[in-house]
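Read the structure below first, then the notes.
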Amino acid sequence: VQPSLDLNAPPASSQGDSRSVGVLLPLSGKFSVFGSRVLQAITQAFRSFDPSAEKFRLHIEDSGDTAESAIRGLNKLANQRNVSVVIGPL
């Protein structure tokens with residue numbers, strides 16, 4: 001079964017929690033070192049802007065090193081985590 005992205009779904013901004021931010025990075029596979037460094041930078045940036053983590057919540061998903069795993073991660077962020085925006089994939 002091939003993963004697929006539902007491009008006919010309404011925009012996440014109409015459904016998502018405006019404080020939930022999805023992060024889709026390669027945390028496994030051949031780009032995992034890069035993905036881990038980017039995650040550290042994103043986390044540090046959000047902590048400096050929102051030290052108490054009251055304004056935003058980050059939801060992290062692994063995009064791996066294939067298009068299929070990135071689509072699975074994006075679907076999970078949009079459909080299960082109900083994020084309003086996604087940083088990534090990279």
Side-chain angles (χ1 to χ4, degrees):
V1 175
Q2 291 287 336
S4 64
L5 181 62
D6 183 1
L7 298 177
N8 295 317
S13 61
S14 68
Q15 296 177 344
D17 179 353
S18 63
R19 298 179 306 144
S20 293
V21 177
V23 180
L24 186 58
L25 296 171
L27 301 175
S28 65
K30 59 187 172 186
F31 303 113
S32 62
V33 172
F34 174 72
S36 295
R37 290 180 181 168
V38 172
L39 179 58
Q40 287 176 328
I42 290 170
T43 303
Q44 185 176 4
F46 271 85
R47 283 186 184 153
S48 68
F49 180 72
D50 183 19
S52 61
E54 292 178 2
K55 295 179 185 176
F56 295 101
R57 179 177 172 143
L58 294 179
H59 297 275
I60 315 300
E61 287 296 326
D62 183 12
S63 64
D65 58 6
T66 66
E68 291 80 12
S69 60
I71 290 170
R72 274 192 297 274
L74 183 58
N75 279 329
K76 187 171 183 181
L77 288 169
N79 299 323
Q80 295 176 13
R81 305 276 184 134
N82 204 30
V83 300
S84 59
V85 299
V86 175
I87 299 171
L90 299 179

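Just the heavy atoms: all of them, side chains too, but no hydrogens, waters or symmetry mates, feed the values below.
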Restricting to pairs with a member in [range], which pass ring pair (Phe, Tyr, Trp, His ring centres under 6.0 Å), not counting sequence neighbours?
range: residues 62-90; answer: none
range: residues 52-90; answer: F46-F56, F49-F56
range: residues 63-90; answer: none

Looking at residues at least two apart in the chain, or sitting in another chain, which of them share a side-chain contact (heavy atoms from CB on, under 4.5 Å) with [X]?
X: T43; result: L39, R47, L58
X: S52; result: D50, E54
X: T66; result: E68, S69

Let me have the donor-acceptor pairs involving side chains of residues 23-37, under 3.5 Å, with sequence neighbours excluded, atom names and distances please.
| unit_1 | atom_1 | unit_2 | atom_2 | d |
| --- | --- | --- | --- | --- |
| S28 | OG | D62 | OD2 | 2.5 |
| S32 | OG | G29 | O | 3.2 |
| S36 | OG | S32 | O | 3.0 |

- Item | Residue list, salt bridge (charged side-chain N to carboxylate O under 4.0 Å, His left out) with K55, at least two apart or on another chain |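 Here no residue qualifies.
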